[in-house]
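Quantities reported herein were computed from a predicted structural model and do not represent experimental measurements. All values below were derived from every heavy atom in this structure, side-chain atoms included, with hydrogens, water molecules and symmetry-related copies excluded.
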Amino acid sequence: MSRRFHLQRDHDVTGVSGTGRVAEGTLWSDGTASVRWLGDRPSTVAWDNIADAEHVHGHGGHTHIVWDDPEPADWDNADMTCPHCPDGHTPPTGGSQPWSAYLSPAHDGDGQPMQITVARSGGAHVAESDAEWVRDTLNRPQR
């Protein structure tokens with residue numbers, strides 16, 4: 001699923017593009033981004049990721065990304081995308097790489113373990129939404 005945005009420039013550092021809405025773009029489901037510059041000399045640029053586009057064209061915060069489409073609602077939505085996952089980020093409740101848990105090496109004064117580490121198996125990356133799901137799951141009132 002793609003997501004539209006535009007670049008909003010508050011101050012034109014270079015004197016070329018002007019201020020206001022200076023470009024329109026799309027963040028694609030594979031994490032790449034397309035930016036279409038507006039104005040007298042329009043052009044289209046493809047980026048490997050949106051962070052690089054923002055770094056180059058942000059001019060120290062004078063230009064920022066404004067999302068035109070809402071952020072996907074939740075991980076129960078099958079259309080969730082991750083800029084690092086070409087086929088979409090695996091929802092925390094499924095996928096081929098299940099969760100694992102192990103005791104960390106940290107111990108208290110009595111030699112008892114103090115932390116449990118929860119991670120996806122197989123070295124899969126996780127997102128903040130995964131941590132939120134783990135917290136909600138562990139802290140859910142018992143029935």
Side-chain angles (χ1 to χ4, degrees), residues 1-108 112-143:
M1 179 162 90
S2 59
R3 188 175 179 203
R4 296 173 304 136
F5 64 90
H6 68 270
L7 296 180
Q8 184 74 25
R9 181 159 290 158
D10 301 322
H11 174 70
D12 187 4
V13 175
T14 64
V16 175
S17 301
T19 58
R21 188 180 186 125
V22 294
E24 297 171 342
T26 302
L27 176 63
W28 301 102
S29 61
D30 66 356
T32 61
S34 300
V35 176
R36 176 72 176 167
W37 290 95
L38 307 173
D40 296 337
R41 294 186 179 94
S43 63
T44 303
V45 182
W47 292 91
D48 288 338
N49 60 69
I50 199 166
D52 288 347
E54 186 174 28
H55 177 77
V56 170
H57 298 293
H59 297 290
H62 293 292
T63 304
H64 54 274
I65 294 171
V66 177
W67 293 103
D68 298 323
D69 291 329
E71 187 173 4
D74 59 39
W75 284 112
D76 293 329
N77 181 349
D79 291 331
M80 272 316 261
T81 59
C82 172
H84 308 288
C85 302
D87 58 350
H89 187 78
T90 304
T93 55
S96 62
Q97 297 181 334
W99 293 97
S100 60
Y102 56 92
L103 298 177
S104 79
H107 290 79
D108 66 13
Q112 299 299 310
M114 295 178 11
Q115 296 176 338
I116 298 172
T117 300
V118 178
R120 283 279 195 182
S121 65
H125 73 269
V126 295
E128 178 58 35
S129 56
D130 294 320
E132 194 173 302
W133 176 81
V134 169
R135 282 190 299 271
D136 290 348
T137 301
L138 292 175
N139 294 317
R140 184 178 299 135
Q142 300 296 315
R143 296 179 199 187

How close do [X] and [Y] get, counting heavy atoms only, and between which atoms?
| X | Y | answer |
| --- | --- | --- |
| W37 | R9 | CH2-NH2, 4.0 Å |
| S34 | W28 | OG-NE1, 2.9 Å |
| T19 | D10 | CG2-O, 3.7 Å |
| L27 | F5 | N-CE2, 3.7 Å |
| A53 | V35 | CB-CG2, 4.5 Å |
| H107 | P113 | CD2-N, 3.4 Å |

Other residues, nucleotides and ligands only: do more than 12 of their heavy atoms fall within 6.0 Å of CG on D40?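 Open.
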Just wondering, more than 12 heavy atoms not from I116 lying within 6.0 Å of its CD1?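 Check fails, neighbour count at 12 or below.
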Given side-chain contact (heavy atoms from CB on, under 4.5 Å), test Q8 with T63 step by step and report yes or no. CA-CA 5 Å; Q8 184 74 25; T63 304; over 6 Å; no
Assess whether side-chain contact (heavy atoms from CB on, under 4.5 Å) is satisfied between I65 and I50, documenting all intermediate values. CA-CA 9 Å; I65 294 171; I50 199 166; 3.6 Å; yes
Under the rule for side chain to side chain contact (heavy atoms under 4.5 Å, CB included), what residues qualify as partners of D48, not counting sequence neighbours?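 Partners of D48 under the side chain to side chain contact (heavy atoms under 4.5 Å, CB included) test: none.
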Quick one: NE2 on H6 to CZ on R21, what's the gap to the nearest 0.5 Å?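 Reported value, rounded in 0.5 Å steps: 4.5 Å.
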Donor + acceptor pair across side chains of R36, T44 (<3.5 Å):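 Yes.
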Using modelled atom types only, decide if a donor and an acceptor are shared between the side chain of D108 and the backbone of M114 within a distance under 3.5 Å.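 No; judged by distance alone, with no hydrogens or angles, the pair does not exist.
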With a 4.0 Å cut-off on N to O distance, would you call R3 and D69 a salt bridge?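 Result for this pair is no, no salt bridge flagged.
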Is there side-chain contact between H64 and L7, with heavy atoms separated by less than 4.5 Å?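 They are not in side-chain contact.
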